[in-house]
Protein chains: 2
Amino acid sequence: MVTLKDIALKTGVSTATVSRVLNGKGRGRIKPEIAHEIREQAEAMGYVINPIARGLRTNRSHMIGLIGDDVATTPYAGRIILGAQDAARTFGYLLTVVNTGNDAELERQQIDMLRRYGVDGFLYAAMYDRVMTLPDALDDCPTVMVDAEDKDGQCPSIGPDEQGIGEDAVARLLAAGCRRIAYYGSPPTVIAQPRRLAGYHAALDRAGIASDDRPVFDPDEKVDADMQAEALLDTGADGVFCFNDVRARFIYEAAVRRGLRIGRDLSVVSVDNFELLSVFFEPRLTSIELPHYEMGYWGACKLISMIEGRDMGGALDAVETRAVLPDLSVDRGRIRCAVVEKESVAVR
Amino acid sequence: MVTLKDIALKTGVSTATVSRVLNGKGRGRIKPEIAHEIREQAEAMGYVINPIARGLRTNRSHMIGLIGDDVATTPYAGRIILGAQDAARTFGYLLTVVNTGNDAELERQQIDMLRRYGVDGFLYAAMYDRVMTLPDALDDCPTVMVDAEDKDGQCPSIGPDEQGIGEDAVARLLAAGCRRIAYYGSPPTVIAQPRRLAGYHAALDRAGIASDDRPVFDPDEKVDADMQAEALLDTGADGVFCFNDVRARFIYEAAVRRGLRIGRDLSVVSVDNFELLSVFFEPRLTSIELPHYEMGYWGACKLISMIEGRDMGGALDAVETRAVLPDLSVDRGRIRCAVVEKESVAVR
DNA sequence: CTGAAAGCGCTTACAG
DNA sequence: CTGAAAGCGCTTACAG
C-alpha cells in the first residue's frame, strides 16, 4: 500500500502538503507546479487513500448502513440494495447491509455495531410500502427511510406513488377500450391497497365511468382465491387491474377455464413485474414495476446530501431508470412508477 | 464515546494496561485485582472498542466482504447473506455485501474498494451452484466460495450435495410406493442437472428398478413446457422428481388437465421450496430446500477460521438448520439437503 | 505558500 | 506486573 508519506518522500514535500493537494484543499495555497508534481506521482505510484485512517482523524467513515427488516426472504430487497450501492459508489461511499429479521433487539445490536464502525448515516428500509417509526438508536444520526413513510414526519422518506399506480393502470385499460374495469385488490392492512383503490376511482371518475361499472374485490383470507377470480369474471369485466402478479395469475386461470382469451377478450394490468413468475403468464403480463432500484438510489443520494450538507442531485440525472425520480429537496418523496408493456392488454 | 484513555484515567493505570486486560492478554501478567477493577469500570462506563482505531494499528478490520454476481434479482441471495451475517456477528465481524452484476470491471472496482477498507477476507458467492474461477484481485486474500466450486481447486468452497438431492427425492418417492418414477430435469448447462440425474439413477439402481421404468425429460428450450409435462405424464409415471418448483408447476397443471390427483394418483417431489410460489400449489408441494442460509453460515465460519488461524467450528453446533453442515476441516464441502415434507407425495 | 506537530483510539515491542 | 513510547495513515490548526 502506497501511503501519503511515500509520496511526500518522493516529491520532497511534507505529508501535510500532499494531503492538501490530494484533497483539493490546495487551491491558491500551494504552488501549482508542486501540486501538479504531487498529483503525477500519486497517480504513478498508484496511491489510493486509506479511508480507515482518514476516518479515524475526521470522524467520517464514508460508509453508510442499510437496515432492512427482511432482506432475506423478500424478492425486492436486492434491487433496493443495488440502487443504494450504485449511488453510494458514485460518491465514494461503501454500503453495508444488515438484516434485522423484525427483531428489535437484533436491530438495536446491529445499529450499534454499525455505529461503532462509524457509519455516517443510515437507510432504514421496509420491504413493502408502509408507515414506520424510526428506532431510537437512529434518532441522532442522518437517516432516510426507503419504501416507507415516517409516522412522525421527521425523517425524509421515499416510496412508490401508490395512487399513481391505480391511475396509470386504469388509464392503460381505458385506452385499450375497456369500459367495465374491475379491481382485484389486497387486504387493506397494507397502505398500498387504499391508495391504489383511490387511484382506480380517480381515473374512472375522470373517464365518467358509472359506479355500477366498478367491481371491486378485496381478497378475503377465508375465500379461496380461485373462487374470487371466478366471481370477478362473473361481473362481466372486460379489464382487470390486479394488486400484484400473484393475483393476476388467478385471473389467468379463471379466464382459461371459461375460454376467455387474455389480451383479446379480457385485458389485465398488474403490479410487481416479477421476473420469477413470468414463465406462468401466456400471453405475457403487462405489469407496473415498483421502483425499488430507484428508491434505493434516491435514498442514498438524499442521505449523502444530508451528510455532506450539499446537494448531490446531479447524480439523479446520470441514472437510467424507468421511473422519474423527484429531486433531492423533497422530504417525503413518492415515485411515479413505470408501466411495463407486455401483451395482456387488448390491442385497440 | 468512551475510550481506553477514559478508563485508564478513571482506574489510574495506563492505556496499555487497560488494552491488555480488555483483550485478554493480561493472563498472569496483570494483577488480578487491577484487571478486575478495569473490567468493572469498562462495563460501568459502557466502553465498546473502536474497531476502526484497532484496525489501523493491527491491520485487521474485522470486516469481511461478500461478493455476489447477482444479489439483486435472485431470490436466493438473501438467505446466503443472512447466514453469512449471522456467523459474522457471532465472531464480532461485520459483513459487507457488494453486487457486481456479472461485470468484471465493476467486480474489480468493488474488490479494490473493500480492500481499501481493509476487509480481512472474502466470500465469493454464486447465485446458483457452479464451477468458477477466483478473480485475480482475490488471489492473495483469504477467500471462500459459496454455492460454487473452484475450478483450480485452490479456494475452499461450499455447495449443496446435488447427487444427494437426487437420491433423497427418489428415495422419498420409492418409500411412497412409486414404481415408475420420472425425472423432469433442466438444461445440462447447470452442474446440478447431471449430478441430480446421477443421484436419481443411483437410487433407482439400489431399488432394482429397471431402466425401462426411468423416464427422463430434459427441458428443451424449443419445446413448450406444457407439452413436455404432458409427454412426461404419458409415460404412465406414478412419481415425478422435478428439478425445481417452476417445473413442478407444469406437472401440476398437466395433472389437473387429465384429472390426476396429486398426492394420491401421482406423487411429486421438487427442489427449491420457494415461498413465493407456494400459493400456486394445491396440495402443497414437497420440495427439497437448497441450503443457502447454511452455505452462507458455513462459508463465513470457514473464512473466519482461515483469518484467525484457528478452528471456529464450535459455531456450527449452535446454529439451527434443517441441513447438516460439514465440519470446518473440509475444503470442498457439499451439504446434504433437507426434504421439506408437504402433501404432494402419496400416503402409502 | 509550506512544514512541524499534535492527535484520532488503539496495540505492542521494549524496558524496567 | 506495569508504563512510556512509538506508530498505524491520515488531517488540520498553528506558526512562519
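Quick note on labels: first sequence line is chain A, next is B, and so on, each numbered from 1. Hydrogens, waters and symmetry mates are skipped; everything else that's a heavy atom, side chains included, is used.
- Judged as a salt bridge (Lys or Arg N to Asp or Glu O under 4.0 Å), and not counting sequence neighbours, B/Asp70 has no contacts.
- Here B/Glu33 does not pair with B/Lys31 in a salt bridge; the nearest charged N to carboxylate O distance is not below 4.0 Å.
- Spacing between atom CD1 of A/Ile7 and atom C1' of D/dG9 amounts to 12 Å, rounded to whole angstrom units.
- Distance A/Asn59 CG to D/dG9 C1': 16 Å, rounded to the nearest Å.
- Spacing between atom CG of A/Leu56 and atom C1' of C/dC10 amounts to 8 Å, rounded to whole angstrom units.
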Quick one: side chains of residues 36-55 of chain A, donor-acceptor pairs under 3.5 Å with protein atoms, not counting sequence neighbours, listed by atom name and distance.
| from | atom 1 | to | atom 2 | distance (Å) |
| --- | --- | --- | --- | --- |
| A/Asn50 | OD1 | A/Ile52 | N | 2.9 |
| A/Asn50 | OD1 | A/Ala53 | N | 3.0 |

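- Sorted by first and then second residue, the salt bridge (charged side-chain N to carboxylate O under 4.0 Å, His left out) pairs with a member in residues 100-109 of chain B read B/Arg108-B/Asp112; sequence neighbours excluded.
- Using a 4.0 Å heavy-atom criterion, one finds that B/Leu4 contacts the bases of the nucleic acid, with or without backbone contacts as well.
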Please list, pair by pair, any protein nitrogen or oxygen found under 3.5 Å from a nitrogen or oxygen in nucleotides 12-16 of chain C.
| from | atom 1 | to | atom 2 | distance (Å) |
| --- | --- | --- | --- | --- |
| C/dT12 | OP2 | B/Lys25 | NZ | 2.9 |
| C/dA13 | N6 | B/Arg20 | NH1 | 3.1 |

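- The CG-C1' distance, from B/Asp6 to C/dC8, rounds to 13 Å in whole Å.
- Using a 4.5 Å heavy-atom threshold, the side chains of B/Leu66 and B/Ile64 count as separate.
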Could you provide the dot-bracket string of DNA chain C, using ( ) for intrastrand pairs, [ ] for crossing pairs and | for bases paired to another strand, with Watson-Crick or G-U pairs below 3.5 Å?
|||.||||||||.|||
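- Pairs engaging residues 2-22 of chain B under the salt bridge (charged side-chain N to carboxylate O under 4.0 Å, His left out) rule: none recorded [sequence neighbours left out].
- Between B/Lys5 atom NZ and C/dC10 atom C1' the separation is 12 Å, expressed in whole Å.
- When the P atom is used for both D/dT2 and D/dA6, the distance is 23 Å, rounded to whole Å.
- Look at CZ on B/Arg115: it is 15 Å from P on D/dG9, rounded to the nearest Å.
- The salt bridge (charged side-chain N to carboxylate O under 4.0 Å, His left out) analysis of residues 134-147 of chain B, with sequence neighbours excluded, yields the pairs B/Arg115-B/Asp140.
- Within the structure, no pair that satisfies the ring pair (Phe, Tyr, Trp, His ring centres under 6.0 Å) test touches residues 97-122 of chain A, not counting sequence neighbours.
- Contacts of A/Asp150 classified as salt bridge (Lys or Arg N to Asp or Glu O under 4.0 Å), with partners at least two apart in sequence or in another chain: none.
- Under the rule for a side-chain contact (heavy atoms from CB on, under 4.5 Å), the partners of B/Pro142 that lie at least two apart in sequence or sit in another chain are B/Leu303, B/Met306, B/Ile307.
- Within residues 37-55 of chain A, no residue is approached by DNA chain C to less than 4.0 Å at the level of any non-hydrogen atom.
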For residues 79-91 of chain A, run the donor-acceptor check on the side chains, cut-off 3.5 Å, and write out each pair with its distance to 0.1 Å, sequence neighbours left out.
| from | atom 1 | to | atom 2 | distance (Å) |
| --- | --- | --- | --- | --- |
| A/Gln85 | OE1 | B/Asn99 | N | 2.8 |
| A/Gln85 | NE2 | B/Asn99 | O | 3.1 |
| A/Asp86 | OD1 | A/Arg89 | NH1 | 3.4 |
| A/Asp86 | OD1 | A/Arg89 | NH2 | 3.4 |
| A/Asp86 | OD2 | A/Tyr293 | OH | 2.5 |
| A/Thr90 | OG1 | A/Asp86 | O | 2.9 |

